[in-house]
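Chain letters run A, B, ... following the sequence lines, proteins first, then strands; residues in each count from 1.
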Amino acid sequence: MDAAGVGMVDGRKPADRVSITYLEAIREAQNKALREDPAVFLYGQDIATFGGAFKATKNLAKEFPGRVLDSPISEDAMLGMAVGAAIDGMRPIVEMQFADFSSIAFNQIINQAATHYWRTGVPCPLVVRLPSGGTSGSGPFHSQNMESLYAHYPGLVVLTPATVGDAYWMLLEAITLNDPVIFCEHKFLYYHLKADSLPEERLPIGKARIMRGGRHATVVTYSAMLHEALAAANELARDGFEIEVVDLRSVKPLDTDTILASVARTGRLLAVGESFPWGGVTAEVVSRIAMEGFHLLDAPPRRLNCKDTPIPYHPNLWAVHRPTAATIESSIRDLLKQ
Amino acid sequence: MDAAGVGMVDGRKPADRVSITYLEAIREAQNKALREDPAVFLYGQDIATFGGAFKATKNLAKEFPGRVLDSPISEDAMLGMAVGAAIDGMRPIVEMQFADFSSIAFNQIINQAATHYWRTGVPCPLVVRLPSGGTSGSGPFHSQNMESLYAHYPGLVVLTPATVGDAYWMLLEAITLNDPVIFCEHKFLYYHLKADSLPEERLPIGKARIMRGGRHATVVTYSAMLHEALAAANELARDGFEIEVVDLRSVKPLDTDTILASVARTGRLLAVGESFPWGGVTAEVVSRIAMEGFHLLDAPPRRLNCKDTPIPYHPNLWAVHRPTAATIESSIRDLLKQ
Amino acid sequence: MIQSASIEGLLPTGVTAERFAEGFRWMLLSRTVEDKIAALYHAGKIVGGVYLGRGQEAFSAALGMALQQGRDVFAPLIRDQAGRMAFGDTVLSTLRTYLGSVLGPMRGRDGNIHRGEPRKGMPAMISHLGAMVSVVCGVLMSRRFKGETGVVGAASIGEGGTSTGAWHEAMNMAAVERLPLVVAVANNQFAYSTPSTRQFACDDLVERARGYGAQGISIDGTDLAQCIATFDAAVSRARAGGGPQMVVGRLLRLCGHGAHDDASYVPVELRELAENRDCLKAARATMLTNGWASPHELELMEAEAYEQVQQAVAQAQREPRPDPARETWMPLASEWLMEGNLQTA
Amino acid sequence: MIQSASIEGLLPTGVTAERFAEGFRWMLLSRTVEDKIAALYHAGKIVGGVYLGRGQEAFSAALGMALQQGRDVFAPLIRDQAGRMAFGDTVLSTLRTYLGSVLGPMRGRDGNIHRGEPRKGMPAMISHLGAMVSVVCGVLMSRRFKGETGVVGAASIGEGGTSTGAWHEAMNMAAVERLPLVVAVANNQFAYSTPSTRQFACDDLVERARGYGAQGISIDGTDLAQCIATFDAAVSRARAGGGPQMVVGRLLRLCGHGAHDDASYVPVELRELAENRDCLKAARATMLTNGWASPHELELMEAEAYEQVQQAVAQAQREPRPDPARETWMPLASEWLMEGNLQTA
Ligand SMILES: Cc1ncc(C[n+]2csc(CCOP(=O)(O)OP(=O)(O)O)c2C)c(N)n1
Ligand SMILES: Cc1ncc(C[n+]2csc(CCOP(=O)(O)OP(=O)(O)O)c2C)c(N)n1
Ligand SMILES: [Mg+2]
Ligand SMILES: [Mg+2]
């Protein structure tokens, strides 16, 4: 896929627009993919005329007739169908209405899609878009972060974009990969996160990004938590602490080298994730750095996750269930004291 | 449940028998539970007349008419049914024919069973028996270890017995818990592992066990890998290395204190698990010890898992896919050099 | 053991005036509650999403009325405000949940249609469609194990939900165990925005009953008398040992999928048609025509329902919200098995 | 758009002698291969489990014969040795897989019935029953996107597999998309040890076709002529745009679930009955009675099949086994995205 359409949104130059949201970037990436690759098609509940529960496919059915299809409420078959199309040369993008419903497609994802290339030598290029993560009032079944589950299984690439540019470029790159990709979009960022335009440079999948340089401690995070971490770092900067913030971008593969290099500079590590505390991304990050960067650490590494309960519905509870800028800040302060 | 039947197997005293296998212990625990608690019933494919694919329920349908039922091939509904019965006061034990097929029941387990108590205040006491782990020639879909997936989700207890006694006592205790329990039985141990009799003492769920004392390094492991680790420790003992081996027994909850105490003695940690390398038990163990026992460690902690591919079918490949006594031994030797 | 399906068009109703009036009251109360909730939603007073049962009150109320709380089990779904209340849920419990009172049955941990009271025979739905049907099967198995007879379990599903594997597995399981299960399939022609043509390809979903070995009945789900007669009969058959019953109601959702959705994807013709098929209007007309209530009595009933709702709103609004500091964050009943919170480790 | 189901008992066959003989040859070859594999299994020469299609050769071969490799797609299941070969799988590929040759299609990574060659239109099954039907739907969707017409996709399932949600979702999806899908349901009366009474509660699974908007046909799955005629017709209808076809074959599994299983749970009456329903014996008799082959010719055919199998065994046994040192352990096609092996980190 070339970069011809860079910066074009809805056919207009970014100059014509005030800004582009994270959600629009996802829509635009799908638009571009549909335009440039006839093998791409979209499948999901309510994604055609309606444009999807979050409008991530708005207008695409009209622009690409017959290539954006409403599916029945059959997540298992949706994924099985995508696998069949993928191994026959298509590049399906499947939208789960909410990441949480991918639990129904779980078997087809981990056992069918993820094992296919290794078992048969035939690639299975598909993208599963998971509207992920907590938003206030969404409750236990419309708020989950499932990246840690999918990253556990061999054969999947698991992406967790945190910026408008990454949402765009990583989705486009994901579509070109010859492997099944779990694309975890964060719903909290859909409308809130805006950029002036789509960046022209991109970082390839598999590379983490240092979002903010620092020398007192490293915070490793991804997706919506990146923005909480950046806010915490801002706050700490007032007191003279320079916190380095690493955005993982992809949790599988996980760019250990970039984290190690950062910890080599700062000597301190906090891993922050929004998913459940047992296992998952923060465990993987902390254990890798403990193994490979033990002597770089000046203090015990730390983790911050959401609480070990289902995700609460009421905003009062939800607000303290997941990590926030405030809890990240306080965890960093403790880390700096050690 | 009292301890009246202790040591009795198939109604005979252990003295009458040469030995009892891990599988027989599981059968006997179910027998005892059915005998003592009318709320217990068994549900699963081919578990009634046939006694189950592994004979874990042999004769139970005859002994307890109407309480051991064959289910259709409907893992989702099997678990949904168990939840309905459990919240109405029963104590269902569901057998998955292989752990791998629980991917179909995944949604009912993580979203229905695991959230029920927290959401409603009504307990959901059920046990899902997962015949887990690799045996030679079983391939990608009859060999999986799924403890790491289930441990990630709040609301579940995840057990991984490694000994005949634990298979027995932990299953009995699991049945009495007012929570959904994922009981990961290892198929490799079913027939291979024997004990002279069922031990009379038991350790409660939630406590790890020091299987072998030592002072040069700690190996933390569970299930079938315990026996590989013990073999490695035996081998190393010839060279004068005293390796402490900790059997986690339950991976959720995970007994951090026992591991910390062990690492305090040895200063060195290797975590070994048979499941996939990204995330999971070894990541959780290593990251916890890195966080809470950083200053106890004299060398970087290490992990050993199976390879990051589906589980191969051919014995030649399978033999090197998962950790073995030999690879554990060599990993410990490296650890001791650091 | 196997019952073949009978697909019937019109049933002789034999529904008494009292029973019809009772159904009408539940419908009216449900509409009143939901109108209020929608208004509160648009005023920004509701925590989370709002999903209404507008247009489905007759079908839902009739199911709830056919059941007996304390004896039966009912797993309602998205559009069952009427049926929930007919079964025993209250206006106050509803508003507590929507307004985020910690005194609601879910204590702020879950919300809106996900509320339930398992101890009173009403499981709390998870969002995943189809997943509750096997849970009802499980309660029925439990009752059978305990030797309780004459218990009926009911579960609601939309036509979209019948595309889930979970629904299929549960229907089949119920038939194999010959459970006293009544499944109410509300075919309101849309699943969110998706029309039935993209959801299934048989003429009438009732055609699926026979393949399960269940008894199937297809009715006009907007006709209260027919709904009452049908569910009463289906529940009786199930109670008497007749095995699973599948009742399909032809309906139209008279609102968006949620309060956030203007349903602009519903074709105009259908929307115009829709208003004429408002089951509440129809039931009201029946009340009047048959002289079961005078215009004045109806107005009184409406005012009463309104008053009841207003009071519940006022009370729920005064009640405390969940306090995170008092929340135990305890997902296990076996408290001793909870590890310390990892976050601050 | 919706086809109603027709449930037919006996079909006029119109099957030619040549076609019948072809079917017989596939059946014979399949039985010969499987008898050999069973013998090798009991001699401890097989890697992993063995699952045989004994008694199901007519149903399976007829399906494979009705399809065209290079054009169509076929997802076989456990008991499809005959159909696999009729579609293009070879004796050698079979034995390579069972004997663990690295030259087999799965290269030692997967085995026995899990072998497949997706590039030749035969997806490799995963164990989870029901999961392959939607994969076939996906290949058919792909062909439709590419503008290829006249492609048919077939998938096999046992009666036990119809209890899976996966099967239901795929059947419904196929009907909604009106895909040219042929689903062969082999009702061999057992799922492992579980009899059909514990699996489903309708009289004949073909009753499910109508509920999907598929065309349903129920046949005696041991009658080769009927199987050929039925699958030929079903495939033609699908190819011509007639939408999903569901063919149910009444059968009996003439062996254990796997070679490790003596099927002692099958009631004696049924087992005695069974031998009389061996489709291979019946087809052989038909060949003789109709004079389509002389006893001597049949013996020659048998000897030929045996020789073919012996040769394949000899070859596969000489071939290299997978060498872990040469195995790449590469689950991603995007090799640059693989991290170094964590084990030795
Ligand atoms: C398994 C699953 N997939 C997707 C969703 C998201 N979702 C919620 S309601 C709905 C539409 C339901 O349609 P239908 O079953 O017809 O019920 P209705 O809303 O019309 O009452 C969808 C797709 C879900 N809840 N569960
Ligand atoms: C989802 C799932 N659950 C359980 C199994 C284990 N299993 C393998 S074959 C089998 C029986 C299948 O019976 P049926 O579908 O009738 O096919 P048959 O073996 O009779 O050909 C079972 C339960 C499986 N493969 N997949
Ligand atoms: Mg609907
Ligand atoms: Mg069968």
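Separating the CG atom in A:Asn107 from the CG atom in B:Asn107 is a distance of 12.5 Å, to the nearest 0.5 Å. The CG atom of B:Asp298 sits 8.0 Å away from the CZ atom of A:Phe294 when rounded to the nearest 0.5 Å. Distance check, rounded to the nearest 0.5 Å: OG of A:Ser103 to CD1 of B:Ile109 gives 11.0 Å. One finds the OH atom of A:Tyr150 at 10.0 Å from the CG atom of B:Leu149 (value rounded to the nearest 0.5 Å). A:Leu270 CG to B:Met291 CE: the interatomic distance, rounded to the nearest 0.5 Å, is 10.5 Å.
Although no hydrogens or angles enter the test, the distance criterion places no donor-acceptor pair under 3.5 Å between the side chain of B:Glu284 and the main chain of A:Trp278.
In this structure, chain A has a heavy atom under 4.5 Å from the backbone of B:Ala299, while its side chain stays farther away. In this structure, chain A has heavy atoms under 4.5 Å from both the backbone and the side chain of B:Leu297. Looking at B:Phe276, both its backbone and its side chain come within 4.5 Å of chain A, counting heavy atoms on both sides. Heavy atoms closer than 4.5 Å to chain A are found nowhere in B:Val285, neither backbone nor side chain. Residue contact with chain A, scored on non-hydrogen atoms closer than 4.5 Å, involves the side chain of B:Gln144 exclusively.
Considering every non-hydrogen atom in both B:Ala290 and A:Pro300, the closest pair reads O-CB, 3.8 Å. Scanning all heavy atoms of the two residues, the minimum distance from B:Pro154 to A:Pro310 falls at CG-N, 3.8 Å. Considering every non-hydrogen atom in both B:Arg288 and A:Arg303, the closest pair reads CG-NH1, 4.4 Å.
Listed options A:Ser102, A:Ser148, A:Gly155 were ranked by heavy-atom pairs under 4.5 angstrom with chain B; first place goes to A:Ser148. Contacts with chain B were tallied for A:Gly293, A:Pro312, A:Pro301; A:Pro301 has the most, counting heavy-atom pairs under 4.5 Å. Looking only at heavy-atom pairs under 4.5 Å with chain A, the residue among B:His295, B:Lys252, B:His152 that has the most is B:His152. Chosen from A:Val286, A:Asn111, A:Ile104, A:Thr115, the residue pairing most often with chain B at heavy-atom distances under 4.5 Å is A:Asn111. Of the listed residues B:Ser287, B:Ala114, B:Gly139, B:Gly280, the one with more heavy-atom pairs under 4.5 angstrom with chain A than any other is B:Ser287. Ranked by heavy-atom pairs under 4.5 Å with chain A, the list B:Val251, B:Asp100, B:Ile110, B:Ile289 is led by B:Val251.
Every residue meeting the salt bridge (charged side-chain N to carboxylate O under 4.0 Å, His left out) condition with A:Glu274, not counting sequence neighbours, appears here in chain and number order: A:Arg322.
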